[in-house]
Structures are given as C-alpha cells and as structure tokens.
Amino acid sequence: MSSPSASLALWTSSWLAGVSAPDDVIDAMADWAPMHLVVAADETTAQRTGLAWPSPRADGVASVLTAIRAQIPNPSSDAVIELLLPGPGAVENLPPGTGFSRAALTAGQAVVVGLAGTEGLAFVPTVEGPDVMRWTVFAVDVLGHYVHDFSLGEAEFAMRDAVRGAADALGSMQSLPTRTLPTRSNEGDPRTRIANELSELMRHRYPADIPERAMRVLESADRVSAILSVARTFAPTEAPTAAAAVAREELIRPLWAAVRSARLSAVAAGIASSVPRT
C-alpha cells in the first residue's frame, strides 16, 4: 500500500460494504502509526462532526470511522469514497483556493467521503512523529464525478510500459555525467535498495475484496515506484552534475505521473467493487 490515504479509502469501502470489520480497518491503519490524532479543520466542522478543535485528540481511527459512517449511513449509488493524490501540475478534483486544497497539496494525499452533490468530509494525514499520525478533517463539496487519467485497463497497460521504462531509467543513471567528489559515495546495491523499498510498501495489507486486476495494477505501480525512488538518488560512485540531475528528472517525471494515475484508477476500481458508484 502506497499511502495512509489509500489504506483508509480501500479499507473504509470494504467496511461499509460489510466485508471487513471495523477492527480490520483499525488494524490496517495501525501499520502506519500506532497512534492516530484527529482534529477538525475549523470550528464549524467540529460542531457538525463532534470532532476535536482546535487541538487534536487521540481518538484514533475509530472516530474517523464514526465520522465516515455519518456521511454514508448505507452504501448506495450516491456514495463517494475518493482517493486524491495531488501534486505540482496535478490539482484536478481539488477546490481551488481552499484550506483543504493547500493541506492536500502539502500532504500529497487526501480522502473525500460523502454523498455526491452534497457537503461531505475530507481527511488529510500528516506524520507527527515516528509513531503518530494526525488526521485533519475538512468540510468539502463532494463531486458527482472525479476525473481520472486512466481507466483500469489503461492503467494496467501503462504500468507494463512503466516497469520497462523505470528499469531503463535506472540503467541510464550509470551513464549520466558526474562530478568527482573528494570522497566517493557508496549508496549500496540498487537491487537491494529496490527490494527494501518494495518490502516497505508490501507490509501494508489490502482488503480481501479488492479485484484481482486492480491488485495487479497496484503491485506494478509499487514496483515502478520502488525503482524510481532508487533511480532518483542513485549514482554509482559520484554525485551527478547539475545537467545530469536535470536529465534524471526529465527521465523519471513522466513515470511518476503514470504511477500516480495508475494508483488512483486502481483504488477507484477497488472502491467501486465494494460501494456502488454513480
């Protein structure tokens, strides 16, 4: 699993569908942090939800689930659980000029929950420490349709290409010009580093009801992400020149964009299989 927001979105949809128990969701989120703080973004949201404000409380994931259940009492065609992964140049589905948008962009992730065409809630996680995660809850308008770059089939095809592209990008790092350092760096075997990256992603569990095809896309996206994470910092023995660093970014930027789009499509497909969508 690539992010706390992806975990929350998938496990929540499975729980609302009756496939997973609340304890399953709580256990899955505990893998990200044993303590979860929850706070409303403003006084109005606090009054509406009963959540703490302005200081967070250690209410845990159970209070997040209570707030979500209030937004979606029963799964229906109007129910929306949407993962957002915003970033520079990728701000679709964010309401412009809002505190929620700024927080989601800073975190690079969020989950929107509610009924289409009504005011719902958005949950934005931030890491408070090695064992603590904070969820800030915003009141937001829930869209009837969220824009996705890929269908699930397109995402699967894109990830097949991206696996090859990421491997090529990592290989090309060794041929980029470098500048000599007084002391040579030793960053370790890239294959070992990729395996470690993958191991970290794979320790987070998926609900049992996620479709097989969506799972394949998510696993492929994790492989590409692991390779790109290593490629972004990998230089065999020396530091890259400024020009080489720019060339590196140009190689891997479109691959990161493909990973983001594939994850969004796969998570949306996983949610749709549990909670009917419009």
Side-chain angles (χ1 to χ4, degrees), residues 1-76 78-85 99-100 103-104 107-115 118-140 142 201 203-210 267-268 270-277:
M1 193 79 75
S2 58
S3 67
S5 292
S7 285
L8 182 64
L10 284 168
W11 279 100
T12 293
S13 66
S14 181
W15 163 62
L16 289 174
V19 177
S20 299
D23 284 349
D24 295 327
V25 186
I26 292 170
D27 288 346
M29 299 309 299
D31 288 339
W32 290 101
M35 177 180 289
H36 291 259
L37 308 178
V38 185
V39 64
D42 52 62
E43 186 176 9
T44 301
T45 304
Q47 291 174 345
R48 176 187 156 195
T49 61
L51 295 172
W53 180 86
S55 299
R57 287 198 303 255
D59 291 341
V61 177
S63 66
V64 172
L65 297 184
T66 299
I68 291 173
R69 175 64 83 182
Q71 299 304 306
I72 305 178
N74 298 292
S76 71
D78 293 329
V80 173
I81 302 172
E82 189 73 26
L83 172 67
L84 304 181
L85 298 175
F100 163 58
Q109 57 182 294
V111 180
V112 175
V113 175
L115 300 179
T118 69
E119 186 178 65
L121 297 176
F123 300 82
V124 179
T126 52
V127 176
E128 294 281 290
D131 296 321
V132 182
M133 182 162 293
R134 172 179 177 142
W135 293 90
T136 305
V137 185
F138 297 81
V140 298
V142 181
L201 292 169
R203 75 183 181 89
H204 298 284
R205 295 162 291 147
Y206 289 90
D209 57 330
I210 188 169
V267 169
I271 293 168
S273 71
S274 296
V275 181
R277 305 289 296 277

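When reading the values below, keep in mind they use all heavy atoms of this one structure, side chains included, and skip hydrogens, waters and symmetry mates.
By the side chain to side chain contact (heavy atoms under 4.5 Å, CB included) test, Val19 pairs with Ser14, Ala17, Asp209, sequence neighbours left out. In this structure, the side chain to side chain contact (heavy atoms under 4.5 Å, CB included) partners of Thr118, at least two apart in sequence or on a different chain, are Leu115. Applying the side chain to side chain contact (heavy atoms under 4.5 Å, CB included) criterion to Val140, with sequence neighbours excluded, gives Phe100, Val112, Ala122, Phe138. For Arg205, the side chain to side chain donor-acceptor pair (under 3.5 Å) test picks out Asp31, with sequence neighbours left out. Under the side chain to side chain donor-acceptor pair (under 3.5 Å) criterion, Ser5 pairs with Gln109, not counting sequence neighbours. With sequence neighbours left out, Glu128 forms a salt bridge (charged side-chain N to carboxylate O under 4.0 Å, His left out) with no residue at all. Partners of Pro22 under the side chain to side chain contact (heavy atoms under 4.5 Å, CB included) rule, at least two apart in sequence or in another chain, are Trp15, Leu65.
Annotation: side chain of Val64 is in contact with side chain of Val38 (closest heavy-atom distance under 4.5 Å). Contact of the Met29 side chain with the Leu8 side chain is registered, since non-hydrogen atoms from C-beta on lie closer than 4.5 Å. The closest side-chain heavy-atom distance from Arg48 to Leu121 is below 4.5 Å. A heavy-atom distance below 4.5 Å is found between the side chains of Arg134 and Val39. A 4.5 Å side-chain heavy-atom check between Ile271 and Leu10 finds at least one atom pair inside the cut-off. Within the 4.5 Å cutoff, the side chain of Ile81 has heavy atoms near those of the Val111 side chain.
In this structure, the side chain of Thr12 does not engage the main chain of Ala9 through any donor-acceptor pair within 3.5 Å.
Considering all non-hydrogen atoms of both residues, Gly270 and Ile210 come closest at CA-CG1, 4.3 Å. Of all the heavy atoms in Ala79 and Ile72, the pair that sits closest is CB-CG2, 3.9 Å. Pairing each heavy atom of Trp11 with each of Pro207, the nearest pair is CZ2-N, 3.6 Å. Nearest approach of Ala107 to Pro125, heavy atoms of both residues: CB-O, 3.5 Å. Between Val124 and Ala110, the closest heavy-atom pair is CG2-CB, 3.9 Å. Across every non-hydrogen atom of Pro34 and Asp131, the tightest pair is CD-O, 3.3 Å.
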message = Would Met35 and Val132 count as a side chain to side chain contact (heavy atoms under 4.5 Å, CB included) here? Give the steps.
response = CA-CA 5 Å; Met35 177 180 289; Val132 182; 4.1 Å; yes

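The side chain to side chain donor-acceptor pair (under 3.5 Å) pairs that include a residue from residues 35-44 are His36-Trp135, Asp42-Thr45, where partners are two or more places apart or lie in different chains. The salt bridge (charged side-chain N to carboxylate O under 4.0 Å, His left out) analysis of residues 5-28, with sequence neighbours excluded, yields no pairs. Sorted by first and then second residue, the side chain to side chain donor-acceptor pair (under 3.5 Å) pairs with a member in residues 52-62 read Arg57-Asp59; sequence neighbours excluded.
The CD atom of Gln71 sits 8.5 Å away from atom OG1 of Thr49, with the distance rounded to the nearest 0.5 Å. Atom OG of Ser2 and atom CG of Leu83 lie 7.0 Å apart (nearest 0.5 Å).
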